[in-house]
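Numbered from 1 within each chain, the chains take letters A, B, ... in sequence-line order.
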Amino acid sequence: MQRFSDITPIMDYNHRDTEARWQKYWAENKTFSASIDHNKPKFYILDMFPYPSGAGLHVGHPLGYIASDIFARFKRHKGFNVLHPMGYDAFGLPAEQYAIETGQHPAITTEQNIKRYREQLDKIGFSFDWDREVRTSDPAYYKWTQWTFIRLFNSWYDKAMQKARSVEELVAQFKKNGNSHIDAASTYDFIFDAAQWKAMDEAAQADVLMHFRLAYLADTLVNWCPVLGTVLANDEVSEGFSVRGGHPVERKNMKQWSLRITAYSDRLIEGLDRIDWPENIREIQRNWIGRSEGASLRFLLADNPDKHLEVFTTRPDTIFGVTFMSVAPEHEYVELLTKPNFAEEVVKYVKHARNRSERERIADAKTPSGVFTGSYAINPFNGKAVPVWVADYVLGSYGSGAVMAVPAHDSRDYAFAKHFHLPIVEVIKGGNIAEEAFESKEGVCMNSGFLDGIIAREAIGKAIEYAEKNKVGYGRINYRLRDAIFSRQRYWGEPFPVYYKNGIPCTIDESQLPLALPEVDKYLPTESGEPPLARAKNWSTAEGYPYETATMPGFAGSSAYYFRYMDPQNKDAYFSKEAVNYWKSVDFYVGGAEHATGHLIYSRFWNKFLFDLGLVPEDEPFRKMINQGMIQGRSNFVYRVKPEEMAEFVLWEMIQNKQLGFEFKKEFRDGTRRFDFYSEELRVIIEVKSRENLEKLLPAYTEYAKENNFKLLLFSIVDVILHTDEVLAKIKRALAGKVFPMFEVIEEWEESPIFVSANIYGRENYSYPIHTDVNLVSNDILDVDAFRNWRPEFNNAKFILEGDKYVCGWEVEKMSKSKYNVQNPDDLVEKYGADTLRMYEMFLGPVEQSKPWDTNGIEGVYRFIRKLWRLFIDDEENLIATNDAPDGAELKVLHKTIKKVTEDIERFSLNTCVSSFMICVNELGDLKCRKRAILEPLSILISPFAPHIAEELWNKMGHSESISKADFPICNEEYLIESTVKYPVSFNGKMRFLLEVAAGTSKEDVEKAVLAAPESEKWLEGKAPKKMIVVPGKIVNVVI
RNA sequence: GCGGAUGUGGCGUAAUUGGUAGCCGCGCUAGACUUAGGAUCUAGUGCCGUAAGGCGUGGGGGUUCGAGUCCCUUCAUCCGCACCA
């Protein structure tokens, strides 16, 4: 059937035509192209660039992009030179996985996905400067990733100067003085002098330098994932399984490239206080870096006085309570410590502990495990010998891999001591050590020699002082942060600019960059287990030295991409000095909180490194950041009936509690026979089964009824559900003694699924929910016919309705295909337009908050857009704006909105802006305002949110230039001044009425007016008020 | 277990410094216009109550003339970390 709107052209806002036209205009005119302009303040606003996955964008992805785009457009109106670029994090596992499955080169898949992303992004009307697009998989881009790697390789970290320096300078030092005067972030423990350095051959020197380089190759205990055939970073592993794909991960020792991010631990912590980031992200990073202050103490071995165990403790104040020591199974002294008669046990334990997967260790965390080595160590404070154990609650990778155990004041040591019956010595007063460890630092020291009587918190410093004076230890800060493993045994990533010259790793010359990713025949590891690049032909330098076969991890390309946007086409440099000194760093960064311990920490590290080299002017990359919330799906459910359970439920509801005058029981058993319902009084049995079953069993039932003198009523499931009244009538007749066949079928019925509406009584007793496609549902009402057509098995479905509607259940879940709750932005843009989508995504709530996507509300925003249009344009599509001078009421509406919107955008409260626009348009509609002086500023106000319609209106009002070049309106407070104040008058804090007085009325006069108001009489009840509070311009409170 | 965040109508939310709780939108109810509506417009809509009025921001307690907002306590949900010495 044709609808009215199909046959009569109604002059309504046509978003399809308008939006396409302006998107084309922006692209052709390069409206949002940014260039260095020293006459304007710069503003760099950046989104975390996406990984272009095959699934395309869903409604959740653009949330952050829309928010940042609004901000970018706003800043342009405010006179800033805005850099707002976009690109793609294009290397990654899914494309490679797909390549392995199909043989398709990942570059091709990636290209296709990017194309799709771009189409989707373009339709939403973003103001990106696409000329600055970067892709991490583009050789022209990853050239600079490799270039940075070479710089890292050629740098070491000088702790004294707190900065990275070149390895050349380090070598010069070695030649002059050896390494004794150097305070470097290093894993090198030996001391050599200049002569010794010079005596080393090239390989030995290279080996020493490796311990200093910021990018270094080392044997590392890594997270090896056999299924993926690669090593994973710590943040890619969760509870012993890979985050992506959920495959088991094991610990394995391998030669890996790593980045010495730990050198920057302190600066990474310190910088957190200087950046405007959400507190939770900063807290996560603080925990991840895990700075703890304490002491390193030396315990000499009782039988081996020239060797010692080094421990790290945050509680040197408890040293007199040490009753044993524990070392990690991987500790280098395990063998040395183990006495012959304990060797068997220790070897067995260490082997067992090593082989345990991370997951097993976690599962067993509650039961301590360990074994005594037979050795003792000497407490440097009191000379007592304590036993040394091997225990896997001690981590080899933290501190020194050994702990001094103080069971009285550490809960892990306590559990261990209890389990193995080791002594517990209390040295801090205040707890009950018979029950649990007392970990507070507020207690007073006891049994602690010179520390006795001091508060534990203060004793820490005294103990360190003592240790340093007696040369048995020193104050020390430890970090939880580990170096970042930088090798991946993968194809689709940046090749390392590294070759091996007689086994010595060297970086290629910068002039040779980029080292392009080679072609391979397959994207799998070789038969001998080497990474895919080992398959490439001639994967070696011109001299024949083999290249590194691992590739870089996902975070390599994303760690400093924001610099490349500043000068993306530069062939000679990463970025020009001019560009970086103009754009400096990102002023505003928008992206997901899930990158807290990955990208967001690596970027800060890379940025600080580039800062140390003097390449960039600021040491933090992202000055301000907000994290957009996740958009969850809103799933809809239909409830499929389990017919037999439903029939029994329905019947029981009718006959229980003597409703028919007789007591019925559920479940009557007679030997092996079982019946559904039974009345002892009348000897009546009711049984519900499928028709087929009843027919089959009819002879047996007949016989049983006869033998035992029962009256038997058999009903088919279908009849009970669909002909409940007739069934009930038959039961009543039977109870009244009437005679009729024990079984008859009311309706023949083919097998078909039955669905019950959500609010039908008892539903949860006899049905189970199944997901239905949200596109078949509107306001939780199911389109029954569409549902029948959805899948063949439902095309004869029956529905139990509420009234005439089938109401679906709903739940908030992850947005995913399998839950049929995915909302795709293209469909919504097609139906409602990009402006509506943009505004609706903002209208949903604060950007930072996670929330379910519910398409229902979008109609309201769509109506608003059309209302806005009609404020300017009549039915014949003519502009109706007049040049009349606006009146006070109109100006007040406009300036109120200017004020609210400006303030709200600045504090990133975009949902409330949308509300304000709606209020403004409603109020101007009520005032029948058609005045250009009001409408023109309004269109600029709204243009960051709904840029297409704003451009169209601006254009219709006679402007030839894009609205994005217009100045943002400024609020004139004069228009907001009220001549009267409406005081809410409260009595004892409860608001009772409003009282209007002239603005500027004195407190005393307001009080008088309140008392004189007729409404007051009732509330005063004849009493005089005890007190009156008048807050000028705000409220009046009368206390009685 | 530790750390952090959040709890407001049927739903998404608003209330910027302690000052009229529920703005805006969805949904719902009634009406208007229509041959027709999943269009548009008007009015209503926190809960209880015919009304007067009472009750209401997860629960309990407190500070205050006044508390969604501050303090104490408790519950629930979500997120992060999880043998880090």
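Using a 4.0 Å heavy-atom distance criterion, E279(A) is classed as making no nucleic acid contact. Across all strands, S986(A) comes closer than 4.0 Å to no nucleic acid atom at all (heavy-atom distances). No contact: K899(A) has no heavy atom under 4.0 Å from any strand. Counting any heavy atom pair closer than 4.0 Å across all strands shown, K990(A) reaches sugar-phosphate atoms only and no base atom. Counting non-hydrogen atoms under 4.0 angstrom, P846(A) reaches the backbone sugars and phosphates but no base.
With the nearest nucleotide of RNA chain B identified for both V1031(A) and S850(A), S850(A) has the one nearer the 5' end. Comparing K831(A) and M404(A), the nucleotide of RNA chain B nearest to each residue sits closer to the 5' end for K831(A).
For rU40(B), the OP1/OP2 oxygens have a side-chain nitrogen or oxygen of R866(A) closer than 4.0 Å. Residue S292(A) places at least one side-chain N or O under 4.0 Å from the OP1 or OP2 atom of rA85(B).
Judged purely by atom type and a 3.5 angstrom limit, Y393(A) has no side-chain atom pairing as donor or acceptor with the backbone of S326(A).
Across rC83(B) and rA5(B), the matching C1' atoms stand 26 Å from one another, rounded to whole Å.
Cation-pi geometry between R838(A) and Y840(A) is not satisfied (NZ or CZ under 6.0 Å from the ring centre, within 45° of the ring normal).
With hydrogens and angles left out, the side chain of N1037(A) and the base of rC65(B) share a donor-acceptor pair within 3.5 Å.
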